[in-house]
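Working notes for the structure below.
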Amino acid sequence: MIITIDGPAASGKSTAARLLARKLGASFLDTGAMYRAVTLAAMQAEVDMSDQDKLLGVMEKSEFQFSLRDGKMVVCINGIDVTEQIRQPQITANARYIASSPKAREKLVEMQRQFASGWQKIVTEGRDQGTVAFSDADIKFYLIADSLERARRRQAELRAKGGDQSLEQIQKAIEERDKSDENRTVGPLRPAEDAIVVDTTDLSIEEVVEKLLSCVKEKCLKKN
Ligand code: C5P
């Protein structure tokens with residue numbers, strides 16, 4: 001069983017996917033972490049991020065490992081745990097280079113399919129999971145939320161880690177990222193035709209998970 005959750009930054013995908021996976025006894029894949037890991041490796045190698053072949057070279061030379069620990073994704077590059085490091089704002093800002101490289105995306109989608117093939121049930125989240133990586137997924141969700149609400153959520157996360165960016169700065173960065181995700185030619189951010197769209201603006205994370213879970217149950221009942 002493959003469940004995909006796509007949507008813009010800070011729409012609640014990651015947390016919802018992780019909690020839904022836990023409730024279903026399924027595995028969980030945070031594909032944004034993959035884009036972030038390649039971005040970090042490219043930054044560490046100091047390559048020109050706009051050069052696709054250089055990016056591919058970095059991907060080929062580095063060993064990426066994505067695994068689950070206590071239901072959370074742990075990311076290692078060449079055996080070094082970079083799970084926290086890939087969340088830094090410079091990585092968030094530079095991920096667009098990898099995200100808009102057709103060759104890098106192709107490789108990452110391949111890695112995502114490979115990861116999923118190892119599990120009977122998986123909840124995978126990102127931008128193109130229902131449209132490209134798993135276009136034949138059993139259930140597809142697309143989460144949306146107002147950009148101000150998303151900025152509030154991101155600010156709370158950043159504050160917990162000692163960050164002090166203003167709400168306006170965060171909202172602007174989120175809206176810029178939406179634009180770049182929606183307008184790239186490969187794997188753009190958009191709902192799959194058969195996706196269930198859920199607006200999370202006024203919902204708590206528990207309510208989001210309940211809603212997704214009830215859709216999954218309904219779909220499973222219909223299938224049987
Ligand atoms: O979801 P997260 O914010 O961690 O993703 C980081 C970046 O990776 C996003 O801004 C997006 O551009 C890119 N991404 C993507 N396709 C995915 C997942 C993430 O292009 N499936």
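Every value quoted in this text rests on a predicted model; they were computed, and no experiment measured them. We number each residue from 1, following the sequence as shown.
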Task: Salt-bridge criterion met for K23 and E210 (N-O under 4.0 Å) - done: yes
Task: Any donor-acceptor N/O pair, Q129 side chain to G126 backbone, under 3.5 Å - done: no
- [ ] Look at the side chain of R150 and the backbone N and O of A10, then say whether any donor-acceptor pair between them is shorter than 3.5 Å.
- [x] no
TODO: State, with a plain yes or no, whether a side-chain heavy atom of Y97 is found less than 4.5 Å away from one of T39.
DONE: no
Open item on the list: Around atom CD of E207, are there more than 12 heavy atoms from other residues, nucleotides or ligands closer than 6.0 Å?
Closed with: yes
Open item on the list: Looking at D48 and K54, is there a salt bridge between them, counting it only when a charged N and a carboxylate O are closer than 4.0 Å?
Closed with: no
Task: Distance (rounded to the nearest 0.5 Å) between T83 OG1 and F66 CZ - done: 10.0 Å
Task: Distance, nearest 0.5 Å, that separates OG of S100 from CG of N183 - done: 11.5 Å
Task: Ion pair check, K179 and E176, cut-off under 4.0 Å - done: no
Distance-only criterion, 3.5 Å: show the donor-acceptor pairs between side-chain atoms of residues 30-37 and protein atoms not counting sequence neighbours.
residue	atom	partner	partner atom	Å
D30	OD1	G32	N	3.1
D30	OD1	A33	N	3.1
D30	OD2	R87	NH2	3.0
T31	OG1	E125	O	2.6
Y35	OH	R105	NH2	3.2
R36	NH1	I86	O	3.0
R36	NH1	T92	OG1	3.0

Task: Residue from D181, D178, D6 passing salt bridge (charged side-chain N to carboxylate O under 4.0 Å, His left out) with R127 - done: D181
- [ ] Please determine, by modelled atom types, if E110 and Q114 share a side-chain donor-acceptor pair under 3.5 angstrom.
- [x] no
Open item on the list: Less than 4.0 angstrom from a charged side-chain N to a carboxylate O is my criterion; do K161 and E157 meet it?
Closed with: no
